[in-house]
Amino acid sequence: MALDAANVGIWIMDAASRNFHPSTRTKALFGFLPEEEMSFEDALLKVAGKHRRSVWAAVENAIKHRGNLYIECPVMIPPQKRHRWLSITGGFNTSDETNNYFSGIIVDITEQKQNDLRRSKFIGMVSHELKTPLTALKAYVQMLNNWAKKQKDSFSIGALSKVEKQVKKMLNMINSLLNLSGAEAGKIHLNKQEFAMDELIGEVIEETLFITSSHNITVAPCDRVMVNADRDKIEQVLVNLLSNAAKYSGKEEPIEVNCSKDEITLTVSVRDRGMGISKNDMKKLFTPHYRAETKETERISGFGIGLYLCSEIIKRHQGEIWVESELGKGSIFKFKLPLN
Ligand code: ADP
């Protein structure tokens, strides 16, 4: 009664035979009547097309490794053909390997998803509005700076390059917020073109040095590597990794960038000798809004979205991104892109 009152559906599945027993509420959440049969396959067919495979894989994976299941997916509810978002949680209630009962609950999270979507549309709109005047500001500051250089006015040159640095920092933040709202709506559009990765790395390093001048950034000699990818988005990944390396390490500590390739992939790495990351934090760094909470990081500002965006961008390129790190010794962030 409590579960019904809370609108929670329950289900049990025999992991060996895959016999599935949904409660009446679970059937209703998938759009079935109480008297209708609903097998696991019937439920899966209601899941919106592009999510179906990942739901199936998550269930199979949880059963295979006797792990926990947590997925969020949209299901199609006729006749309105609108999406209902469900969160599905499950697991085995004992570690006894002979127990095959895999069970869990289902909750309707449509309203929460709609709120998330509204929030991310709002962030997208605000950041778009902020970006326009800031872009104009950046152009005028650059013009003024050039003019001051011609006049040999050293005070103005110094002051204007400080303004330019801050404007660039702000534009990077706004671009991240803009991309966040796109990524949350599942809309990272790639505009692929052929470009030289070594050249892009050089440009990003120059830009990072302009903003955080105190670090010593070195690049291991890197052959000419042409890739077919979205140049602006890969630039954003590099900017994020390099500015994190500078942010989370001491001022004089070196940062090394490396770029290598084999026949099918290109690997870029950014290594710092800074504070490092704990094993527990490493697992979660690429999720939205996650920030490691230590005495050292609480003084450093950030939104916790940079690495999430990096991972979404790299995933959209069919690549991989990961981190290797040791607390107190430093971190190395690497990403791989398919060359073809
Ligand atoms: P932000 O830096 O804005 O908080 P990110 O998504 O870029 O957001 O990074 C998420 C978290 O990962 C950071 O808050 C920090 O705790 C950790 N992190 C990222 N890069 C490094 C690094 N090079 N060294 C140590 N910790 C890092």
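Counting convention: from 1, in listed order, for ligands and their atoms alike. Just so you know, these numbers use all the heavy atoms, side chains as well, and skip hydrogens, waters and symmetry mates.
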J.: Check ligand 1 against Lys247 and write out every atom of the ligand that is under 4.0 Å from a heavy-atom position of the residue.
T.: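 This gives 1 (P), 2 (O), 3 (O) as the contact atoms.
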J.: Heavy-atom contact under 4.0 Å between Glu293 and ligand 1?
T.: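 Glu293 does not count as a contact of ligand 1 under the 4.0 Å cut-off.
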J.: Hey, is ligand 1 close enough to Met275 that some N/O pair sits below 3.5 Å?
T.: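 It does not: no N or O of Met275 is found under 3.5 Å from an N or O of ligand 1.
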J.: Considering only the protein, which heavy-atom contact is closest to atom 4 (O) of ligand 1, and what is its distance?
T.: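 Here the closest protein heavy atom is Arg291 NE, 2.5 Å.
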J.: Students should be able to answer this: which protein heavy-atom is nearest to atom 5 (P) of ligand 1, and at what distance?
T.: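 Looking only at protein heavy atoms, the one closest to atom 5 (P) of ligand 1 is Leu307 N, 3.6 Å.
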J.: Has ligand 1 got any nitrogen or oxygen that is less than 3.5 angstrom from a nitrogen or oxygen of Ala292?
T.: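 The answer is yes, given that Ala292 and ligand 1 share an N or O pair closer than 3.5 Å.
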J.: Is a donor on one side and an acceptor on the other found under 3.5 Å between the side chain of Ser325 and the backbone of Ile277?
T.: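 Indeed, once roles are kept as given, a pair shorter than 3.5 Å links the two residues.
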J.: Return yes when Asn240 approaches ligand 1 closer than 4.0 angstrom through a heavy atom, no otherwise.
T.: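 The answer is no: ligand 1 sits nowhere under 4.0 Å from a heavy atom of Asn240.
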J.: Tell me whether the count of non-hydrogen atoms from other residues, nucleotides or ligands lying under 6.0 Å of CZ in Phe122 goes above 12.
T.: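 Not more than 12 within 6.0 Å, no.
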J.: Could you identify the single nearest non-hydrogen protein atom to atom 23 (N) of ligand 1 and state the distance to 0.1 Å?
T.: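 Of every protein heavy atom, Asp272 OD2, 2.9 Å lies nearest to atom 23 (N) of ligand 1.
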J.: Within less than 4.0 angstrom of ligand 1, does Phe333 place any heavy atom?
T.: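 Heavy atoms of Phe333 do come under 4.0 Å of ligand 1.
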J.: So, Glu60 and Arg53, do they make that salt bridge, N to O below 4.0 Å?
T.: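 A salt bridge is absent here (no side-chain N lies under 4.0 Å from a carboxylate O).
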J.: Nearest heavy atom to atom 19 (C) of ligand 1: which of Ile332, Val323, Asn244 does it belong to?
T.: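 Result: the heavy atom closest to atom 19 (C) of ligand 1 is in Asn244.
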J.: So, Arg224 and Asp198, do they make that salt bridge, N to O below 4.0 Å?
T.: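 Salt bridge: yes.
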J.: Is there a donor-acceptor contact under 3.5 Å linking the side chains of Asn179 and Gln236?
T.: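 On atom types as modelled, these side chains qualify, holding a pair under 3.5 Å.
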J.: For atom 15 (C) of ligand 1, tell me which residue out of Tyr308, Tyr248, Tyr290 has the closest non-hydrogen atom.
T.: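 Result: the heavy atom closest to atom 15 (C) of ligand 1 is in Tyr248.
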J.: Using the side-chain contact (heavy atoms from CB on, under 4.5 Å) rule, pick out the option among Ile12, Asp14, Ile10 that qualifies with Ser103.
T.: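 Running side-chain contact (heavy atoms from CB on, under 4.5 Å) over Ile12, Asp14, Ile10 with Ser103 returns exactly one hit, Ile12.
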J.: Tell me whether the rings of Phe92 and Phe102 are parallel (<30°), tilted (30 to 60°) or perpendicular (>60°).
T.: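 Aromatic pair Phe92/Phe102 classed tilted.
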J.: Got a salt bridge between Glu320 and Lys334, using NZ or NE/NH1/NH2 to carboxylate O under 4.0 Å?
T.: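 The answer is no: the pair does not qualify as a salt bridge.
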J.: Going by distance only, is there an N or O of Leu285 that falls short of 3.5 Å from an N or O of ligand 1?
T.: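 N/O-N/O distance under 3.5 Å: no.
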J.: Answer with yes or no whether the side chains of Ser278 and Asn280 bring together a donor and an acceptor at under 3.5 Å.
T.: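 No.
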J.: Going by the order shown, which atoms of ligand 1 are within less than 4.0 Å of some heavy atom of Ile305?
T.: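 With Ile305 as reference, the close atoms of ligand 1 come out as 6 (O), 8 (O).
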J.: Provide, to 0.1 Å, the distance between atom 8 (O) of ligand 1 and the closest protein heavy atom, together with that atom's residue and name.
T.: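 Ranking protein heavy atoms by distance from atom 8 (O) of ligand 1, first comes Gly304 CA, 3.1 Å.
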J.: Which residue supplies the protein heavy atom nearest to atom 3 (O) of ligand 1, what is that atom called, and how far is it?
T.: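 Nearest protein contact, heavy atoms only, for atom 3 (O) of ligand 1 is Phe303 N, 3.1 Å.
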J.: Tell me whether the guanidinium CZ or amine NZ of Lys46 lies under 6.0 angstrom from the six-membered ring centre of Phe32 and within 45° of its axis.
T.: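 Yes, cation above the ring, under 6.0 Å and within 45°.
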J.: What residue and heavy atom of the protein are closest to atom 26 (N) of ligand 1, and at what distance?
T.: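 Looking at atom 26 (N) of ligand 1, the protein heavy atom closest to it is Ile277 CG1, 3.4 Å.
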